[in-house]
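Residue numbering restarts at 1 for every chain, and letters A, B, ... go by the order of the sequence lines. Computation of the quantities below employed the complete heavy-atom set of this structure, encompassing side-chain atoms and omitting hydrogens, waters and symmetry-equivalent molecules.
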Amino acid sequence: MEFMHSEEQLAFADAIDDIVTDLGGTQLARSWAAGDTAPGLALWAQFAELGLTGLRIAEADGGMGGSLADLAVVFERFGYHAVPGPYVESLALLPQLVSDADRAAIAGGAVATAAVAGTHPHLLDAHVAALQFSVTAGALATATAGEALESIASFRKLSRATAGADAADVDPDHVNRAIDEATLANAAMLIGAGERLLHEAVEYAKMREQFGKAIGEYQSLKHQLADVRIALSFARPLVWQAALALESGAATAGRDVSAAKVRAAAAAQLAARVSLQVHGAIGYTAEHDLSLWLTWVPALVGAWGTPAQHRARIADSILAPVGGAA
Amino acid sequence: MTMKLEYTAEQLAFAAEARSWLEANVPKDRLPSMDTEAGFAAHREWEQQLSDGRWSVVSWPAEFGGRDVGLVEWVLFEEEYYRAGAPTRVAQNGISLLAPIIFGHGTPEQQQRWLPGLTDGSIIWAQAWSEPGAGSDLAAIRSTATRDDSRGGWVLNGQKIWSSRAVWADRGFGLFRSDPAAQRHHGLTYYTFPLDAPGITVRAIEQLDGGTGFAEIFFDDVFVPDADVLGGIGDGWRVAMSTAGNERGLSLRAPGRFLAAADNLVALANTSAAAGADISAATRERVAEAWIDAEAYRLFTWHTVSRALVGEEVGSEGSINKVFWSELDRDLHETALELRGAEAEVKTGDHGSWVDDYLFSVAGPIYAGTNEIQRNIIAERILGLPRGDRRKN
C-alpha cells in the first residue's frame, strides 16, 4: 500500500517548482498574455531538456516512459504555477495519436496543439505550435488556425480550427483513451490551481488586518478556508486513482477519470470563490496575481467535458439505463 | 516512480476469510434497534458471536482476542463488515474510544480486568463526556470528583448528558473536575464507574428518531475506588484528547459504512426506476455525487493509511475526515429520500429503513465534535491560521 507520492515524484515536483520559479513564476503567464511568448517557450525548452515533454512517450521512442501517476504529479505543479502553453495537448493527448515522427518531435520539445470535437473545440496557443491537429471520434487530421478568440483567461490564446483533408482513421477507443488522459491532466491542473488559490488566501489572511486583528482570526473566514482544504484533500486521491485505473486499463477507468474531473473542478471553483472573498477588492484587480487563477479555473472547468457531462457519465456507468427495464 | 493502491496476497486472503465468515454468520434479518432492551441484548449476543470467531477486534494483540493485523487489514475488514450488512456495533464506543486509552494509559491490572469484556460484549461501555454546560467545549466541565482518603478513592457529583448507550450499558467513562482551583482543562481526571453504582441515576432521552440512544447521568455522591481511575490525577484532559482524536479520525469511520450506503443508494435508484419511477437527470447526478463522495472517502482513507504506514503524523487530519464523512452521509441520505418521493416520510417500522438511516445521518455534523469545531481545528492546526480571541488558558 503506497497510495502517496514516491520520493522520486516529490523530487521531480521540486525540480519543476525550481525551474518555473527561476524563469519568472507568474511573469511567464503575464508575458504570454501580453503577446511575449519568449519566456514561456524558454520554460518549454527547459522542460524538454528535463525530459518532461516526453513524459508519456516510451523510452524506446526517445521519451521518459513516465506513468500516469507521474503525469498527475507534473500537471498539479503546472496548475500551481499557472504555466502558459498547450501542455495538456502536447504531453497528454497527442503522444498517443500522432505519427512516430511527430511523437519524436514532441519528445524533443516541439509544441503541439489540437482541437477536439465536442469538449475542446478550439486550438489553444496555435501561435506557438509547430504541430496542429484536429481530433474527432475516429480520426486525426492536421489543422490550421483561423479567427482568434479571446479566452476568459488572459494567457490562453484560442483560435478556431479548420481540419485538413488528410484525416486518418484512428480507433475510437484509442481516441477516447487519449481524451481521458488529457482530462486527467486537466483535473490534476485544477488541483494545483486550487492549492495555489488556497495558499495565497491563507497567507493573505494571516497578514491582512481589519478591526485590529488578522482577518484569519475570524471564524467565518476560517471555516471557508477549511472547506477548501477539505475539498482539495478529497479530490486529489480521485485523480491518483483515475491515473492508476487508466494506466492498468481497468474497465472503470473512464468513470474514475470523470469522478476526478468532477471533484477537482468543484474544489478549484470553491478555492477560487473563497480566495477572492478573502482577498477582497485587491483580489479583483488585474495587477494582483490572483487574477491569473481566478480566470483560468473557469476555463479549465469547462474544458475536456463539463462537470455535468462527467456526472452524467458516472450515472450512466453505475445506474441502469434511463428508460430501461420498466 | 511508483504509486500503488494494491493489496498483498496475504491481505486479500484475510479479506476473503472475513467475507466468508460474515456470509455464514451475519443475521439474515436486521437486528432490532440497539436502543431498545431486546435490541441491546441481541446486539450484545452478536458481539459475543463476533468474538467467538475472533472478528470483534481484529487489530488488537492476540492475547486480548485480536488478530494483530495492521491498518490495511483493519480497513479491509471494515469494508467487508458493512458490505455484508452486519449489525451496527453496540460495543463501538468502548472499542474505539475507551480501549485505546486503556492500552495507552491503563495499568496492567486494568487491561486484564477490562479488555476481555470489551471484546465479547460482556461489558458494554457508555461514554460520559458532555455536560449541560459543556458540549463541544469540554474544558468547561463542572462535575466534580472529591478525594476520600478514608475509602481510598473519589466521590463523584454532577451531571452528564448525551451519553450514548448509557440506558442499557454496564459501565461509563468520562472526565470530572478533581481540582476545582485549577483553570479549565487543568485539574480534570478520567474516571470509570459501573452504571448501577449507588448514587447514579440514568434517565433516557428520547431522540429525534424516537430511540433512546443517549441519556442523562446524575451523580449523587458516587464512590469510585482508585483502581478505577484511568491515567494520572489531573491528567484527564490529555487522556481524553487522545480519545477525541481517535473518534474523529480513522478508527470510528472506516469507509465501509459509506461504500455500503452508496451501494444501497444505487440499488434504490435502480429499483425505483425498474418500478416505473421517472428519475430526473438531476437526481441521477445526485446519486453520482454520492457515489463519488464514498469513493473519495475510500481513497483518502487509503492515502492516510499509506502515510501512517511510513510513520507520518496524521492527527489533525482526522478533522478533515470527520467533516467530510458526516456531510457525505447526510447528503447521500437526502438523495435517498428524494428518490423515495412521497413515500419518504412513511415510517415503515423496519429498523434500518431509509427514514431511520436519514435521521441518524443528520446527527453526524453534530456529534464527535461539531463540524464548526472541526473547521477551527483544520484552519488553525493544518492551515496555520491564527487562533484568535477564543478563551485562552
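When heavy atoms are compared at a cutoff of 4.5 Å, B:Ile382 approaches chain A solely by way of its side chain, counted from C-beta outward. Contacts between B:Leu5 and chain A at a heavy-atom distance below 4.5 Å involve backbone atoms as well as side-chain atoms. In this structure, chain A has no heavy atom under 4.5 Å from any part of B:Gln11. In this structure, chain B has a heavy atom under 4.5 Å from the side chain of A:Leu198, while its backbone stays farther away. Of the two parts of B:Val266, the backbone and the side chain both hold a non-hydrogen atom closer than 4.5 Å to a non-hydrogen atom of chain A. Residue contact with chain A, scored on non-hydrogen atoms closer than 4.5 Å, involves the backbone and the side chain of B:Glu289 alike.
Going from atom CE of A:Met1 over to atom CD of B:Glu6 covers 8.5 Å, rounded to the nearest 0.5 Å. Going from atom NZ of A:Lys222 over to atom CD1 of B:Ile377 covers 11.5 Å, rounded to the nearest 0.5 Å. Taking NE2 from B:His303 and CD from A:Glu2, the interatomic distance works out to 13.0 Å, rounded to the nearest 0.5 Å. To the nearest 0.5 angstrom, A:Phe3 atom CZ is 6.5 Å from B:Met3 atom CE.
Atom CZ of B:Phe14 sits in a crowded spot, with more than 12 heavy atoms from other residues, nucleotides or ligands closer than 6.0 Å.
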Would A:Phe234 and B:Ile292 satisfy side chain to side chain contact (heavy atoms under 4.5 Å, CB included), going step by step from the backbone distance to the final call? CA-CA 10 Å; A:Phe234 280 91; B:Ile292 296 173; over 6 Å; no

Between A:His223 and B:Asn376, does the side-chain hydrogen bond (donor to acceptor under 3.5 Å, both in side chains) criterion hold? Intermediate values first, please. CA-CA 7 Å; A:His223 287 194; B:Asn376 285 343; 2.8 Å; yes

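Checked for salt-bridge contact, A:Glu217 and B:Arg387 miss the test: no charged N lies under 4.0 Å from a carboxylate O.
Using a 4.5 Å cut-off on side-chain heavy atoms (C-beta onward), B:Glu317 and A:Arg229 make no contact.
Looking only at heavy-atom pairs under 4.5 Å with chain A, the residue among B:Ser306, B:Gly384, B:Ala379 that has the most is B:Ser306.
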